[in-house]
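Throughout, numbering of the chain's residues begins at 1 and tracks the sequence. Predicted model only: the values in this text are computed from it and were never measured.
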Amino acid sequence: MNTSRSRGRTPRTLRIAALAVLLTTGAFTPSASADSARTETPVGTSGGVTETVVRVKAPLPASFGARPAACDWLSYLRYRSSSGPASSADADRVLVAQPGILEGAGAFDSVARNTVTRAAEQGRHIEFWALDRRSNCLEDRTGIASGDQHTAVDYYYRGKQVQGRTFAGFVGNDKLGWMAKLGIEQTVRDEYTLLAAELPDQGVRKDKALCGGHSLGGVITGYFAAADFDGDPATTADAGHNQCAGYFALDTTVSTSLGDLSGSIPDDTNLPDVGLGYGVVQAGLDSGLLPRSLSAPVLLNPETMTLLAIAGVGALQNPGGQADLPSYLPANTNIEATNRFLFSKDTATFLTGSPAVKDFRLTNESILGSLMDDQSVPLAFLQSSVGFFDGGPITDKNFPAANGSSSQPGLFGTEYKAIPAEPHGPLYTWRNYDRVGDPDDPGYRSSDGTPFTAAGKEVTDIQELARSMAAQPLDFTEQYFPTKLVTDLELATSPQVKRLVVHPDGLTANPTLTVLAGDGLLAGRAPADLHPVIADGYQHLDVLTAAPVQNNGRPEPVSTALTEFARTPR
């Protein structure tokens with residue numbers, strides 16, 4: 001067992017608090033005026049990594065129709081070595097990362113920092129650009145950026161102002177008409193536009209940019225690699241594969257198929273039936289008869305994804321304090337259904353709603369752990385390995401699937417699920433990833449004797465996860481994920497989508513690094529010909545969120561692999 005918890009909790013906490021204060025007070029100014037074509041806003045510098053948020057003006061075609069002014073900008077989080085060059089063109093490498101489904105730029109925070117830091121330790125200065133998709137422009141981070149959990153709840157649910165602003169409400173389908181056309185073609189076009197604006201010299205892009213992504217971001221990278229951006233296939237300087245020196249895939253593959261990502265989209269989302277055909281689906285999106293953003297009845301919708309960030313605020317604000325979030329939130333069907341789904345130990349508890357989450361005494365960290373840990377949340381593509389409950393008896397969580405069941409759907413993952421056993425009992429705390437397996441660890445086991453977890457299965461620091469979720473100017477999640485982006489990919493054989501694959505050889509034109517989570521979506525079925533790096537014990541999100549030093553005392557393997565890949569001679 002390592003002693004990584006001695007690495008300095010207080011300095012990390014201070015860095016996180018500084019970020020929260022920076023966001024709350026607005027104590028930062030853009031490097032350019034608001035009406036310019038580009039702004040770059042400092043977020044903070046810590047551990048030798050400087051972070052900024054960059055916005056580049058890139059208006060959509062008029063054919064998209066009316067949309068908020070913010071949606072005519074592209075945004076990304078830029079991470080670079082504080083001792084390195086200020087200009088991206090002068091960096092040794094620039095890693096450009098596409099987020100996965102329902103995911104925003106903030107999700108890359110830890111892997112970006114780890115990679116930039118590891119490269120700097122080796123004398124190289126690389127940058128990591130975590131991209132936001134255009135649809136993230138609809139999110140209102142004002143309440144989260146306050147850094148106070150009650151203030152955030154009051155802002156989003158009780159109409160109270162923050163810094164003179166009032167929440168306008170979650171955006172309905174009738175306001176998303178412009179997103180009916182926001183599919184794979186515009187998504188890869190946006191990446192090209194951003195790269196060309198930030199690195200105007202195509203030779204520099206081809207020499208230094210590494211293009212990749214997480215989960216669905218690998219498929220988007222595949223379409224980018226095969227795309228042509230000037231309408232003339234005979235001229236290839238604009239071709240996608242000539243904008244990158246190489247590709248990287250994080251718990252995904254660089255391809256033009258969703259086949260490797262089965263289990264990443266829940267069956268109960270409002271995704272339309274693509275058997276209707278491309279034309280019918282597009283007509284439904286245009287008319288509004290079909291939902292223009294992807295959501296599900298519980299957990300995966302704008303309101304509940306906002307709750308994830310609010311839970312992160314509490315974990316940063318008062319980690320070990322008893323949480324009052326479950327009782328402070330207003331009662332509504334969406335919140336109640338989500339709480340029952342996540343905190344019910346069996347079907348009877350789900351149906352009756354008793355005991356409810358507010359009947360348990362939980363710390364703010366254990367609330368966040370309940371929402372994001374692989375021993376709690378039953379959705380594989382939302383799972384991370386941040387530790388385990390502590391402080392009281394634990395019981396099996398056999399809803400919505402039974403522990404140890406061979407028929408358990410892949411969507412729920414393979415880890416045994418657990419839940420606190422005593423309502424109105426002890427204060428349940430959270431044992432962070434690097435304390436699992438310590439001498440004082442109770443070693444909780446399932447009713448069949450199976451250990452719920454072990455040191456080698458825990459890799460993400462819950463405070464770093466909270467920072468990524470609650471102290472970033474760009475969201476960890478994507479509240480309004482474009483339905484058309486998924487339907488386009490599911491209709492890949494339709495003429496309207498096939499025509500986008502202009503340079504199919506672009507997929508193999510550059511070297512590719514594939515890093516897979518050992519317990520992630522592709523666990524046990526990794527394509528051998530890709531020679532993937534396997535991060536043992538990792539879940540789907542851990543490839544982005546894992547701590548820089550693991551329980552075995554070794555450096556984090558994903559950032560290590562990315563750093564080595566970035567060293568490949570040009």
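In this structure, Phe388 has its ring center under 6.0 Å from that of Phe452. Between Tyr76 and Trp129, the distance from one ring center to the other falls under 6.0 angstrom. Centroid-to-centroid, the aromatic rings of Phe229 and Phe224 come within less than 6.0 Å.
Using a 4.5 Å heavy-atom cutoff, the side chains of Asn403 and Lys417 are in contact. Using a 4.5 Å heavy-atom threshold, the side chains of Ile101 and Phe481 count as touching.
The two residues Ser344 and Phe399 have their closest heavy-atom pair at O-CB, 3.7 Å.
For residues 273-299, there are no ring-ring contact (aromatic ring centres under 6.0 Å, His included) pairs, not counting sequence neighbours.
Side-chain N or O atoms of Asp190 include none that pairs as donor or acceptor with a backbone N or O of Leu194 at under 3.5 Å. With hydrogens and angles disregarded, a donor-acceptor distance shorter than 3.5 Å links the side chain of Asn114 to the backbone of Ser110. Without hydrogens or angle criteria, Thr483 side chain to Ser293 main chain gives a donor-acceptor distance under 3.5 Å. In this structure, the side chain of Lys397 engages the main chain of Leu342 through a donor-acceptor pair within 3.5 Å.
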Take Asn510 and His241 through the test side chain to side chain contact (heavy atoms under 4.5 Å, CB included) and record every step on the way to the result.
CA-CA 7 Å; Asn510 296 306; His241 64 274; 4.0 Å; yes
Derivation and outcome, side chain to side chain contact (heavy atoms under 4.5 Å, CB included), residues Leu77 and Phe108
CA-CA 9 Å; Leu77 296 176; Phe108 288 96; over 6 Å; no
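Checking each of Val254, Asp488, Val188, Leu507 against Tyr223 for a side-chain contact (heavy atoms from CB on, under 4.5 Å) leaves exactly one that passes, namely Val188. Applying the side-chain hydrogen bond (donor to acceptor under 3.5 Å, both in side chains) test between Tyr538 and each of Lys457, Glu556, Gln383 identifies Glu556 as the sole match.
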